[in-house]
Amino acid sequence: MALSVFDSKSASVRVFEPLNPGKVGIYVCGPTVQSAPHVGHLRSAVAFDIIANWLRIGHGFDVKLVRNVTDIDDKILVNAKEQGKDWRELALDVEAIFNSVYDSIGAGVEHRPHATEHIGGMISLIKELIGRGHAYQAAGSANVFFDTASWAGYGELTRQKLENMEGEAIGGGRRAAHDFALWKAPKVGEPDTAAWDSPWGRGRPGWHIECSAMTFAEFGEAFDIHGGGLDLRFPHHENELAQSRAAGYAFANYWMHNGLVTVSGQKMSKSLGNGVSVEEFFEQGSPAAVRYWLGSAHYRSTLDYSAGAIADAEAAVSRIRNYLTRNKANAGVIPVAFAEAMDSDFNVPAALGVLHDAVRAGNSGDESVAASVAAMAVVLGIEAPVAEVNHELAAKVEGLLEQRNAARANKDFTRSDSIREELNQLGVTIEDTANGTTWSING
RNA sequence: GGUCGAGUGGCUGAGCGGCCCAAAGCGACAGCCUGCAAAGCUGUAAAACCACGGGUUCAAAUCCCGUCUCGACCUCCA
């Protein structure tokens, strides 16, 4: 069965073939740690987590998933100054928040290169570009720009022509509107800790060069998949591509862009003030529900948020999670229909349909599906709720259940119902089954 | 101005030439189960005439043309 992937550079579905047999390298643009995460970051994280899972589980690839941390940037400096904090401290604090949120929805990543750890690599890359005639230093300043006019391939990722594009004002030594900064001279008032020595003078790297240098450090001159949000396609990814290719690297073989999260049809963004914070999301449902919702649409489509969306997702995942707790099984064979859906550019919604069908079959008494349900759930990152219950509560619940069963045996239903209500108040849901009563903590 | 997407039942959301009298989930209603619920199962409904108008084809939600509406990017953004 062939895995096909929509490659946004060629704008076509291509059969996926790793550069090195059995191994897959994925680089996903991670957050700029300037302020708290928003829902869009989570969507990207979930999308690529599922993609990596399928590459590993469905195809047995040895996947290295890298998600960088942009920890030096104009906004970090600005925000830190406003908060009267050292920028490095702000970056660290914000990154910690990101990590905990990513972890809570099961989308943590092992490889997290930081921009500030790769300044040396960026400097060599810029040197290479200047040497090849694709970059220039502005007269009388440490600013270095990429020379878009020198690179015929510029615009190939987004299939745009330079003359049709709007651009920035020419100034600061920039020769053309789309020439972008590779190295930036420090601005007045910026702390000296935010500047590094370079052949062009003290300064700091431009945003785009960071990713190019980090992919090189992690994978070398070529790697399989470059991912990120659709909003990064231009200019970020276009610029990364241009500078990396101009420096002589093959760079990414496939480009994958996840769709954006919108609210009432509009992109969620700070400037529009329509952002729904991550806190608000988690108030509406469990992390499992948030993750399910984020992954429930195809990764390339726009995901529109509306009130009640998380609650709906909660109901849907609960079906699967409840089944999982009732039918514990080791991951077994993945159904063909599920594999076909995932192989077709990671069609999670269709795969979810297969999962739900299997759950229904299982709930109808077909015990043979338990292992495959477990296997599919692992791919999608759906887990049975982990009961983190303290013994005190457990003892109390068991005691109450005993009393309730006694009451039921005596047909004292007023008593048994009040006990059920009491348990409900404790946040405990009970299920009466043929084999007795089971209970679980809500959420 | 340029580039690229989207419009499918009450809601979410697959399908992208025949297997579609359109998957799956949520929601609604009914039945079964239950002491009653919950969970689960079964079934039903809502005009799903697949934005609209043409066309191609033996065959179109799916391809082509036009129209309308909405969105993203072209400045920092997952």
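Note on naming: letters A, B, ... go to the chains in the order of the sequence lines (proteins, then strands), and numbering restarts at 1 for each one.
Counting any heavy atom pair closer than 4.0 Å across all strands shown, A:Asn164 reaches a base atom. If you check every strand for non-hydrogen atoms under 4.0 Å, A:Ala297 touches sugar and phosphate atoms only. Nucleic acid contact for A:Asn347: sugar-phosphate only, since backbone atoms but no base atoms lie under 4.0 Å from a heavy atom of the residue.
Between A:His41 and the options A:Tyr102, A:Phe98, A:Phe48, a ring pair (Phe, Tyr, Trp, His ring centres under 6.0 Å) holds for only A:Phe98.
Separating the P atom of B:rG5 from that of B:rC49 is a span of 27 Å, rounded to the nearest Å. Going from the P atom of B:rC50 to that of B:rU8 covers 11 Å, rounded to whole Å.
The side chain of A:Ser301 lies closest to B:rA14, out of B:rA14, B:rA38, B:rC76.
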(request) Please lay out, stage by stage, how A:Phe146 and A:Trp151 fare under the test ring-ring contact (aromatic ring centres under 6.0 Å, His included). (result) CA-CA 9 Å; A:Phe146 182 84; A:Trp151 185 248; 7.4 Å; no
(request) Could you go through the ring-ring contact (aromatic ring centres under 6.0 Å, His included) check for A:Tyr305 and A:Phe281 one step at a time? (result) CA-CA 10 Å; A:Tyr305 172 80; A:Phe281 263 66; 4.9 Å; yes
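Pairing for B:rC73 is with B:rG2, a Watson-Crick or G-U wobble pair whose two hydrogen-bonding atom distances lie under 3.5 Å. Pair assignment for B:rU44 gives B:rA28, based on Watson-Crick or G-U wobble hydrogen-bonding distances that are each under 3.5 Å.
Interface remark: the A:Arg420 side chain does form a donor-acceptor pair with the B:rA37 base, using a distance-only criterion of under 3.5 Å.
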